[in-house]
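A short write-up of the structure that comes next.
Residue numbers start at 1 and run along the sequence shown.
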Amino acid sequence: MAVPVVCGIGQASVDLLGVSPGPLGAESRAVLKEVSIQGGGGAATALAAAAALGVRARLHASLADDEFGRLALRGLRAAGVDCDHVAVRPGVLSPFTFRVLAPDRRHRLSFATAGDVSPADVDLDGFLAGAAALLLDGSDPAPQLAAARGARARGVPTFVDVSSAADGTTELAAAADVLVCSERFAAEVAGHGQAEESLADLTRLGPRAVIVTQGDAGSVGRFGGDTVRQRAYPVEVADTTGAGDVYLGALVAAWVQGNAPPRAMEIASAAAALSCRALGARAGIADLQEILEFLAAA
C-alpha cells in the first residue's frame, strides 16, 4: 500500500525558548533554568507531527537564507519533511519567536517577528502531485484561500486551522473540507458561548466536518449529523507550545491513513498531549507506536 502524502502550506520558523527561575517580569536579568532552540511554525510543526505518524509530509513555506532559516530547514528535514517546495530568499530575516516560560509552565512571555519573507507562489500541480490531503495553518489567509480552492478543483481534501476571525480567515474556513478551529473563532463567527452550539453554524459556512479544539477540555467535532466529544489526556506538562499544531498534523495523518473521524480525533488528542511533555513545539512529538501505547494505557 502506498504511503499517503500530506502537503502543508504556512509558516516555518525558529523558536528560542527558556524557563524563568521566577515570576515573569520580576527581575530585569535572570539565569534561565532551561533553554531550547528548535523549529516552529504552524504548518511546519503540523507536518513534523504528521511525518512522525508515518505519512510522507511536504511543505511549502518561505524562509530567509540566514542562520534561522538554515536551522529551520535542518530540523524539518531531520523530521522527515520534504522541503523541496520551500522558498529561500536571500538578504532578509526568517521568522522567529523568543518565549520565556514561567516556572508553572502555563504562563509565558513571547516576542515574535514574521521576518521579512513574503509568501511565494506555488505550482499546485507539482506541489499537490499524489497528495491525499492539504493542510493550511491560517497564517496567511489570502494565498491559502487560493490554494484551498485549487486543491478542491484537483480533488484534494483540505484541512484548515484557524484561531481567530481575522481578515480572511472566515472565507478560508468556508473553503475547507475539514475545519479545525479554536473556541475563540467559533464564538466570534457563530456567536454562541458553547462550542457544541457553534458546530452546526460553522458547518453551514461550507466545511463538511468541523472540529473545535478546547485546550484542557479536549475537542468536539461534527461529522454529518453526528457530534463527537474527545477528552484531553492528562500528562505532566513541560510546555504547551505547538500542541494545537501537533493536533492538526496528527489528525490529518490519522485521517488519510483510513481512521474514522472519531478515532482520528482520539489519536490527535493523544499526540497533542504527549507533545506537551517537553520544552518547545517539536521536542515532544511522539511516533505512532508511542501514541497507540499511550492510548492503550489511557
Side-chain angles (χ1 to χ4, degrees), residues 7-18 32 35-49 51 57-79 81-101 108-124 126-128 134-151 160-172 175 182 185 239 241-242 244-246 248-249 279-283:
C7 296
I9 299 177
Q11 192 176 60
S13 65
V14 168
D15 285 350
L16 294 79
L17 306 109
L32 296 174
V35 174
S36 177
I37 302 175
Q38 59 187 269
T45 298
L47 287 175
R58 184 184 299 158
L59 174 67
H60 172 71
S62 293
L63 288 167
D65 184 18
D66 58 6
E67 287 301 322
F68 285 146
R70 288 186 282 275
L71 192 155
L73 285 172
R74 285 197 302 271
L76 285 163
R77 287 171 176 146
V81 177
D82 176 353
C83 296
D84 288 351
H85 294 266
V86 174
V88 178
R89 303 186 182 282
V92 293
L93 178 69
S94 291
F96 72 90
T97 300
F98 177 56
R99 291 187 176 91
V100 180
L101 279 68
R108 70 193 66 199
L109 187 61
S110 299
F111 303 89
T113 176
D116 301 318
V117 295
S118 56
D121 293 333
V122 58
D123 169 19
L124 284 179
F127 181 63
L128 295 177
L134 171 66
L135 69 82
L136 303 170
D137 66 4
S139 61
D140 202 353
Q144 290 188 16
L145 176 59
R149 290 170 173 166
V160 171
D161 183 25
V162 290
S163 57
S164 65
D167 289 346
T169 56
T170 302
E171 292 81 0
L172 180 60
S182 67
F185 179 86
D239 182 15
T241 297
D245 302 323
V246 171
L248 174 66
L279 185 65
R282 306 269 184 85

- [ ] Might you point out which heavy atoms bring Val117 and Leu63 nearest each other, and give the distance in Å?
- [x] CG1-C, 3.5 Å
Open item on the list: Using every non-hydrogen atom in the two residues, find where His85 and Leu59 come nearest and quote the distance to one decimal.
Closed with: CB-O, 3.5 Å
Open item on the list: For a side chain to side chain contact (heavy atoms under 4.5 Å, CB included) check, start with the C-alpha distance between Phe111 and Thr113, then their side-chain angles and the critical distance, and finish with the verdict.
Closed with: CA-CA 7 Å; Phe111 303 89; Thr113 176; over 6 Å; no
TODO: Return the minimal non-hydrogen interatomic distance between Thr170 and Ala165, and the atom names on each side.
DONE: OG1-CB, 4.3 Å
TODO: Let me see the working for Asp15 and Arg282 under salt bridge (Lys or Arg N to Asp or Glu O under 4.0 Å), right down to the final yes or no.
DONE: CA-CA 10 Å; Asp15 285 350; Arg282 306 269 184 85; over 6 Å; no
Task: Gly10 versus Ala61, closest heavy-atom pair with distance - done: O-CB, 3.2 Å
- [ ] Any chance you could measure His60, atom NE2, to Asp84, atom CG, to the nearest 0.5 Å?
- [x] 13.0 Å
Task: Non-hydrogen atoms of Leu145 and Ala175 that approach each other most closely - done: CD1-CB, 3.6 Å
Open item on the list: With a 3.5 Å distance limit and no angle check, can you tell me whether Thr97 reaches the backbone of Ala112 through a side-chain donor-acceptor pair?
Closed with: no
Task: Sub-4.5 Å side-chain heavy-atom contact between Asp82 and Arg77 - done: no
Open item on the list: When you measure from the side chain of Glu171 to the backbone of Pro141, do you find a donor-acceptor pair of N or O atoms at a distance under 3.5 Å?
Closed with: no
TODO: Flag the pair Ser139 / Gln144 as yes when at least one side-chain heavy-atom distance between them is below 4.5 Å, and no otherwise.
DONE: yes
- [ ] Compare all side-chain heavy atoms of Arg89 with those of Ser118 and state whether any distance is below 4.5 angstrom.
- [x] yes
Task: Asp121 atom CG, neighbour heavy-atom count above 12 within 6.0 Å - done: no
Open item on the list: Whether the Gln11 and Asp140 side chains hold a donor-acceptor pair (N or O, under 3.5 Å, no angle test) is what I'd like checked.
Closed with: no
Task: Side-chain heavy-atom pair Arg108, Leu17 within 4.5 angstrom cut-off - done: no
TODO: With the side chain counted from C-beta on, respond yes when Leu73 and Val88 share a heavy-atom pair under 4.5 Å apart, and no when they do not.
DONE: yes
Task: CD1 on Ile37 to CG on Leu279, rounded to 0.5 Å - done: 11.0 Å
Open item on the list: Can you tell me which residue among Leu136, Asp137, Leu135 is in a side-chain contact (heavy atoms from CB on, under 4.5 Å) with Ile9?
Closed with: Leu136
Open item on the list: Using side chain to side chain contact (heavy atoms under 4.5 Å, CB included), reason through Phe68 and Leu16 one step at a time and then give a plain yes or no.
Closed with: CA-CA 10 Å; Phe68 285 146; Leu16 294 79; 4.1 Å; yes
Task: Any donor-acceptor pair under 3.5 Å from Ser163 side chain to Ser182 backbone - done: no
- [ ] Taking all non-hydrogen atoms of both residues into account, name the closest pair between Val92 and Asp66 and its distance.
- [x] O-OD2, 3.6 Å
Task: Ser94 side chain to Ala64 backbone, donor-acceptor under 3.5 Å - done: yes
